[in-house]
**Student:** 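Handing you this structure, nothing more for now.
All ligand and atom numbering here is 1-based and tracks the order in the structure.
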Amino acid sequence: MHYFHYKDGDLYCEEAPIVTIADSVGTPFYLYSHKTLVRHFKAFDSAFEKVRHLVCYSVKANSNLALLRIFVKLGAGLDVVSGGELFRALKSGVDPKKVVFSGVGKTEEEIEYALNSGILMFNAESSQELARIDEIAGRLGTRAPVAIRVNPDIDPKTHPYIATGLRENKFGIDFNLSMKEYIFANGLPHIEIIGVDCHIGSQLIELQPFVEALRRVKELIHVLGQRGIGIQYLDLGGGLGITYKDEVPPHPTEYANAIVEEASDLDYTLIFEPGRVIVGNAGILVSRVLYTKETGEKNFVIIDAGMNDLIRPSLYGSFQGILPVAKGEEEEIVADVVGPICESGDFIAKDRRMPKFKPGDLMAVMSAGAYGFSMSSNYNARPKVCEVLARGDRFHLIRERESYDDLIRGERIPDFLE
Ligand SMILES: *Cc1c(COP(=O)(O)O)cnc(C)c1O
């Protein structure tokens, strides 16, 4: 459910005509719907209202400060995976006591920064990381709150690049070794064990893998209890999928019901780290058609956005809906939508049936709110695009378009080349 819709053939974001926004900010740009963001967050959060829980929105899905602020104002915590994301989180005004720090390769500086910020907990992913956190906490004269991320070896049935809970993945601690790690961590003087964490993958469209992972983790918690290691937080990660094309993912309430049913006998706070399900369908990428080209074999629609702006199709072969911002041409063609980047992998859609776009037409690339801007780069020396938040009939620039000067900020030519 989102608030991008047509009115008399023109695409709107809430009550704001997208063509007006494009005239004002230029193209390409990311556009988010405030009402959709709020609705998605509330739908997820309220689905768990019967149990003690904390929704820590996954910052990496979309880390714009304005979006973080929206969720924080609704009571969210945040899940960060780097020092930079922690910096963003703190700038958004989040209570540090609602921040969890995940990720397989935290550096010493990042661990120290998080300890000094007073975060809720680290999700630790290896023995060596546990030892490092212990050492740093000791040096700072504090104790680090820690959950261990276990890898339950569950097939999430998603794209291999976004599966994380299989034994072959780099994430978490092998389930069979997790007991040993807990005992090790429990013996470390500057570590306070407070939780168990598991995140099995992204864009999951079935409930079963979530439930299986939870069952496995419950076994572990049971055994931990017998060993006198008490758990206050169970972090079940993120991963709930969305509809890009014709997927039918579970609604957050179905997801919540399945989890709550399985976890009802437990006495601790559940933590969730949703990203995509909150922001994915709340944002689009708006681009302008530069040229069209027919090669006998194929039709190409060349737009002013490329894989540096939205890499998901190139990286995962993902499907993004393509819509005209102004419905006009009835005629349809089958075409590839490609960007200006000098790579054959630079495409947004392949062999797609779509209206016959003309140069100058605006195109909406749908479902681009998650892993869109946050994965964008400056490849081909392209300034990063701007981001806009629509609310009702108003719109707000929430990130300026980069300039050419931004592209070379921090670069130096050494003296010997003068
Ligand atoms: C990426 C990630 C998430 C968010 O995943 P979504 O599929 O966007 O919900 C949550 N937790 C961790 C540890 C992650 O790496």
Side-chain angles (χ1 to χ4, degrees), residues 37 40-41 43-45 47-48 54-63 67-68 71 76-82 84-86 89 98-106 110 114 119-126 129 146-152 154 156-166 169-173 195-207 209-210 213 217 233-244 247 249-252 255-256 259 270-283 312 315-316 318 367-375:
L37 292 163
H40 287 176
F41 182 83
F44 193 95
D45 192 38
F48 290 97
L54 177 64
V55 178
C56 292
Y57 164 72
S58 174
V59 170
K60 77 178 195 280
N62 188 318
S63 56
L67 270 63
L68 301 185
F71 303 134
L78 298 174
D79 167 43
V80 303
V81 295
S82 70
E85 285 193 357
L86 176 56
K98 290 185 175 177
V99 173
V100 297
F101 196 156
S102 307
V104 70
K106 303 175 195 76
E110 289 174 325
I119 64 165
L120 175 61
M121 68 180 187
F122 292 91
N123 288 328
E125 304 214 15
S126 67
E129 186 193 338
V146 165
I148 293 183
R149 177 169 176 180
V150 299
N151 182 333
I154 301 281
K157 304 195 180 77
T158 184
H159 190 284
Y161 287 10
I162 48 178
T164 57
L166 279 168
N169 300 132
K170 71 176 176 181
F171 296 99
I173 286 176
V196 178
D197 169 47
C198 115
H199 168 78
I200 57 175
S202 199
Q203 184 56 12
L204 272 70
I205 52 172
E206 288 175 36
L207 287 177
F210 287 116
V217 170
Y233 296 95
L234 171 54
D235 183 339
L236 291 171
L240 191 57
I242 63 169
T243 303
Y244 284 99
E247 306 90 333
H251 187 273
Y255 168 72
I259 299 287
L270 291 174
I271 295 180
F272 300 94
E273 304 169 348
R276 189 188 310 271
V277 70
I278 309 288
V279 293
N281 276 321
R312 299 189 63 259
L315 191 60
Y316 313 129
S318 69
S367 311
Y371 308 105
F373 188 92
S374 65
M375 279 189 161

**Student:** Ignoring hydrogens and geometry, is there a side-chain-to-backbone donor-acceptor pair from E125 to G103 under 3.5 Å?
**Tutor:**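 Yes: the side chain of E125 pairs with the backbone of G103.
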**Student:** So, N123 side chain and R149 main chain: donor-acceptor pair closer than 3.5 Å or not?
**Tutor:**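 Not at all, since once roles are kept as given, no pair shorter than 3.5 Å links the two residues.
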**Student:** Could you find the nearest protein heavy atom to atom 7 (O) of ligand 1 and give me its residue, atom name and distance?
**Tutor:**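 Nearest neighbour among protein heavy atoms for atom 7 (O) of ligand 1, to 0.1 Å: S202 OG, 2.3 Å.
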**Student:** Say you draw a straight line from OG of S126 to NZ of K106; how long is it, rounded to the nearest 0.5 Å?
**Tutor:**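 The distance works out to 8.0 Å.
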**Student:** Provide the number and element of each atom of ligand 1 under 4.0 Å from a heavy atom of P274.
**Tutor:**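 Those qualifying, in numeric order: 9 (O).
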**Student:** Side chains of N169 and N151 only: does a donor on one sit below 3.5 Å from an acceptor on the other?
**Tutor:**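 Distance-only check fails for N169 and N151.
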**Student:** Using a 4.0 Å cut-off to any heavy atom of R276, which atoms of ligand 1 qualify?
**Tutor:**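 Counting atoms of ligand 1 from 1, those under 4.0 Å from R276 are 6 (P), 8 (O), 9 (O).
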**Student:** Mark up the atoms of ligand 1 that fall under 4.0 Å of a heavy atom belonging to R149, in ascending order.
**Tutor:**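 In order of number, 13 (C).
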**Student:** So, Q203 side chain and G239 main chain: donor-acceptor pair closer than 3.5 Å or not?
**Tutor:**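 Here the side-chain-to-backbone pair does not exist.
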**Student:** Looking at CZ of F44 and CZ of F272, how far apart are the two atoms once the value is rounded to the nearest 0.5 Å?
**Tutor:**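 Interatomic distance, F44 CZ to F272 CZ, rounded to 0.5 Å: 6.0 Å.
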**Student:** Would you say the side chain of D235 lies within less than 4.5 Å of the side chain of D79, judging by non-hydrogen atoms?
**Tutor:**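 No, side chains not in contact.
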**Student:** Would you mind listing which atoms of ligand 1 come within a distance below 4.0 Å of any non-hydrogen atom of D79?
**Tutor:**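 Near D79, meaning under 4.0 Å from one of its heavy atoms, ligand 1 has 10 (C), 11 (N), 12 (C).
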**Student:** Looking at atom 2 (C) of ligand 1, what's its closest protein heavy atom, distance included?
**Tutor:**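 Answer for atom 2 (C) of ligand 1: K60 NZ, 2.2 Å.
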**Student:** So which bit of E273 gets within less than 4.0 Å of ligand 1, heavy atoms only: side chain, backbone, both or neither?
**Tutor:**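 Both parts.
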**Student:** If you measure every N/O of G239 against every N/O of ligand 1, is any gap under 3.5 Å?
**Tutor:**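 It does: an N or O of G239 is found under 3.5 Å from an N or O of ligand 1.
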**Student:** What atoms of ligand 1 come within less than 4.0 Å of a heavy atom belonging to Y371?
**Tutor:**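 Contacts of ligand 1 toward Y371, numbered from 1: 1 (C), 4 (C), 5 (O), 6 (P), 8 (O).
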**Student:** Looking at G275, which atoms of ligand 1 are within less than 4.0 Å of one of its heavy atoms?
**Tutor:**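 Near G275, meaning under 4.0 Å from one of its heavy atoms, ligand 1 has 6 (P), 8 (O), 9 (O).
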